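Sequence lines set the chain letters: A, B, ... in the order given, protein chains first and strands last, and positions in each chain run from 1. Being a predicted model, the structure only gives us computed values, none of them experimental.
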Number of protein chains: 2
Amino acid sequence: MYMQGETHMALMQSADTRYRKPVLVAVNKPFDDEDGLQALRSHPLFRNLRPRDLESLIQQSRRLRLGHHQLLYRQDMPAHHFFFVISGRLRLYRLDSSGIDRTLDSIAPGDCFAEVMIYADPPRYACYAEALKSSEVLMIPVKAYRELLDQHPEYAQAALSHYAKRAVTRFHDLEIMTVQNARDRLIRYLIDLLPNGTEQGGEVELPLPKCLVASRLAMQPETFSRILADLKSNGLVRVNRSKLFISDPRRLIEISQ
Amino acid sequence: MYMQGETHMALMQSADTRYRKPVLVAVNKPFDDEDGLQALRSHPLFRNLRPRDLESLIQQSRRLRLGHHQLLYRQDMPAHHFFFVISGRLRLYRLDSSGIDRTLDSIAPGDCFAEVMIYADPPRYACYAEALKSSEVLMIPVKAYRELLDQHPEYAQAALSHYAKRAVTRFHDLEIMTVQNARDRLIRYLIDLLPNGTEQGGEVELPLPKCLVASRLAMQPETFSRILADLKSNGLVRVNRSKLFISDPRRLIEISQ
DNA sequence: CTGAGTAATTGACTTAACTCAAAGATTAGT
DNA sequence: ACTAATCTTTGAGTTAAGTCAATTACTCAG
């Protein structure tokens, strides 16, 4: 885990889209009950734990406060912890050999990430994770959760079905990316953000700044902007900052052929 | 499961790339020891099972023979089984609203697929599965494996780490698809097929016909063909049908910037 | 509230990738 | 071995999306 005093951060450059400049000032304090704990209790990975097991897990975890653009971990680092988001928002991304920054996922409060590390071998993070704004995460030792599962094998069921769900989601994400043109990819992405699916319209908030949504969808920010402007001028979406209102999802699907 | 006599197959049309025309002639016979069983025993999901548990699981499974282009299951069908490939090769694909066929994965002998269904809720296949050539699969009742896990919770460890590995793979697949140009996507895909990674060259066999690799990589078959021809003329790969020889993977990575 | 720095938009131009079409190569099945 | 079907390749023309550049709009910290 990178804490205060790390310096090689400066080496990192986002070739992606004129974005970001991580500065590290991690602060951790004991995790005291209150707010964030509530969401934790209802997460699939934890809600079936007996109260004393959950307590024990929390005892062994640390609450971590992350600043805007702060890096939490790096791709290929040994992974001893996984995380639960208490507040704020994070993104997962990878850097390839030429330093291009590829956003792969965004994480909202109430979500877990890197939880796949509980059973990964070797346990190394598959991507970078950074805070998109100031955030708080619970940093849970992989070992602690694993021991819990060893002692209480009945907990495995929850973990398995959580993992299964995650696999389906990734599979679906992959499907979007096989769509060959940028406009249709964006439309599919928006539809997937709608809470009620295709059935009815609604407001959607982009989980990432527009330039990172563009990166996520393998297009340039300019292209993203132009497509959105076009959809807007055709009355298909109404845009208000990062909030989009989609009145008729079916029509949107139709025009994507 | 679709067996003999199904007719609505004809409705299916591959808009993707002039491909396919499924004809259904499923034949099942009891699974008698021999060949394929060997590979099954060494698969992560089964190798830790006690012999009698494995036997019981096999007793409850059926060996299924699939013909060329035969459909095994359809997207959204209730999923009561998952599969192990004994011989042949299959592909997983989805059809979107406009009937476009998107190849998402190919499956080789010794692999499992739809195993995520063991813990999915609701249990519905997330894609279509069809044989790319005549193949044999073991059709394992989800319920049987689940019962085994309920009785022997210590088996869960293997399943969890298998699921974790799968999640990482899909994540990596997603990364490739965020690469913005077709040439670089293809190069990344080829590198990933190399058994020894970047370290040394080697021969690679495309797991799918070229037009489906193209679909998998979100490009047209013509584009695929042209890029490959270009790599060939630059001495970066040697092509022999579906076998590619890559002598210097590093150089390949370099030209992808 | 204000200003610096980042993000978003728009325009003009260029290029990569798609489309259509037709010829050649492979493969599956008889 | 032969035939029919399907894949693959190549060419020519078109279009979608990328690039570069400049302006405008946000955001956040002080």
Side-chain angles (χ1 to χ4, degrees), chain A residues 14-23 25 67-70 88-89 91 100-101 103 131-134 179-187 206 208-215 217-233 239-244 256-257, chain B residues 13-23 25 66-70 88-89 91 100-101 103 131-135 178-187 206 208-215 217-233 239-244 256-257:
Chain A
S14 172
D16 180 15
T17 26
R18 317 127 222 191
Y19 182 71
R20 219 161 39 86
K21 195 183 288 173
V23 185
V25 202
H68 189 62
H69 285 177
Q70 186 176 344
R89 188 170 283 274
R91 73 171 180 124
I100 305 276
D101 165 331
T103 299
L132 285 168
K133 48 181 167 179
S134 59
V179 173
Q180 290 189 27
N181 70 76
R183 163 193 277 247
D184 293 355
R185 269 193 319 272
L186 175 52
I187 289 176
L206 296 176
L208 295 164
K210 289 174 183 168
C211 65
L212 292 181
V213 174
S215 149
L217 296 175
M219 67 183 76
Q220 296 299 322
E222 292 92 334
T223 303
F224 179 95
S225 179
R226 280 187 247 267
I227 293 171
L228 208 56
D230 181 57
L231 294 178
K232 203 161 48 176
S233 79
V239 182
N240 184 312
R241 321 221 174 198
S242 71
K243 290 192 174 66
L244 312 186
S256 79
Q257 299 242 11
Chain B
Q13 266 247 4
S14 172
D16 181 14
T17 27
R18 318 125 221 193
Y19 182 72
R20 221 160 39 85
K21 194 184 290 170
V23 185
V25 202
L66 302 166
H68 189 62
H69 285 178
Q70 187 177 343
R89 188 171 283 274
R91 73 170 179 125
I100 305 277
D101 164 332
T103 298
L132 286 168
K133 48 181 167 179
S134 59
S135 306
T178 63
V179 172
Q180 291 190 24
N181 71 76
R183 162 193 278 248
D184 293 355
R185 269 192 321 270
L186 175 52
I187 290 177
L206 296 176
L208 296 162
K210 289 173 182 167
C211 66
L212 292 182
V213 174
S215 150
L217 296 175
M219 68 182 77
Q220 297 298 323
E222 292 93 333
T223 303
F224 179 95
S225 179
R226 280 187 246 267
I227 292 171
L228 207 57
D230 180 58
L231 294 178
K232 201 159 54 177
S233 78
V239 183
N240 184 314
R241 317 216 177 204
S242 71
K243 290 191 174 66
L244 311 186
S256 78
Q257 301 241 13

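Note that CG of B/Leu244 is 9.5 Å distant from CG of B/Leu231, once rounded to the nearest 0.5 Å. Distance check: B/Leu212 CG to B/Leu217 CG gives 11.0 Å after rounding to the nearest 0.5 Å. Interatomic distance, CZ of B/Phe224 versus CG of B/Leu206, reported as 5.0 Å (0.5 Å rounding). Taken to the nearest 0.5 Å, the OG atom of A/Ser256 stands 5.0 Å off from the CD1 atom of A/Ile187. With values rounded to the nearest 0.5 angstrom, A/Ser225 atom OG is found 11.0 Å from A/Asp230 atom CG.
In this structure, the nucleotide among D/dT9, D/dA17, C/dA17 sitting nearest to the side chain of A/Asn181 is D/dA17. Here D/dT8 is the nucleotide among C/dT9, C/dA16, D/dT8 with the atom lying nearest to any side-chain atom of B/Lys210. Listed nucleotides: C/dA17, D/dT9, D/dC7. Nearest to the side chain of B/Cys211: D/dC7.
For the pair B/Glu222 CD and D/dG13 P, the interatomic distance rounds to 16 Å; values are reported in whole Å. Computed from coordinates, the B/Arg185 CZ to D/dA17 P distance equals 12 Å when rounded to whole Å. Atom C1' of nucleotide D/dC7 and atom CZ of B/Phe224 are separated by 12 Å, given to the nearest angstrom. Here D/dT8 presents its P atom at 14 Å from CE of B/Met219, a figure rounded to the nearest Å. Here C/dT15 presents its P atom at 15 Å from CZ of B/Arg183, a figure rounded to the nearest Å. Rounded to a whole Å, the CG atom of A/Leu186 is 14 Å from the P atom of C/dA8. In this structure, A/Lys243 atom NZ and D/dC26 atom C1' are separated by 14 Å, rounded to whole Å. Atom CG in A/Leu217 sits roughly 16 Å away from atom C1' in D/dG18 (whole-Å rounding).
Using a 4.0 Å cutoff on non-hydrogen atoms, the parts of residues 226-233 of chain B near DNA chain D are B/Arg226, B/Ala229, ordered by number.
In this structure, A/Ser215 contributes its side chain and A/Thr103 its backbone to a donor-acceptor pair below 3.5 Å. Checking side-chain atoms of B/Asn181 against main-chain N and O of B/Asp184 turns up a donor-acceptor pair under 3.5 Å.
Legend: residues meeting salt bridge (Lys or Arg N to Asp or Glu O under 4.0 Å) with A/Arg226, ordered by chain and number and at least two apart, are absent. With sequence neighbours excluded, the residues forming a side chain to side chain contact (heavy atoms under 4.5 Å, CB included) with A/Ala182 are A/Arg185, A/Met219, A/Thr223, A/Ile227, listed by chain and number. A search for salt bridge (Lys or Arg N to Asp or Glu O under 4.0 Å) contacts involving A/Lys232 returns nothing, not counting sequence neighbours. In terms of the side chain to side chain contact (heavy atoms under 4.5 Å, CB included) criterion, residue partners of A/Arg89 (sequence neighbours excluded) are, by chain and number, A/Ser106, A/Ala108, A/Leu132, A/Lys133, A/Pro207. Under the rule for a side-chain hydrogen bond (donor to acceptor under 3.5 Å, both in side chains), B/Ser134 has no partner lying at least two apart in sequence or in another chain.
Residue A/Thr223 has no polar side-chain atom (N or O) positioned under 4.0 Å from OP1 or OP2 of D/dA17. Between A/Gln220 and D/dT19 there is a side-chain polar atom (N or O) within less than 4.0 angstrom of OP1 or OP2. Of the side-chain N and O atoms in A/Gln180, one or more sit less than 4.0 angstrom from OP1 or OP2 of C/dC18.
For the helix from C/dC1-D/dG30 to C/dA23-D/dT8, the terminal axes (five pairs an end, C1' atoms, rotation from four pairs onto the next four) enclose an angle of 60°, given to 10 degrees.
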Any N/O pairs under 3.5 Å between the protein and nucleotides 24-30 of chain C? List them or say none.
| residue | atom | partner | partner atom | Å |
| --- | --- | --- | --- | --- |
| C/dT27 | OP2 | B/Arg241 | NH1 | 2.4 |

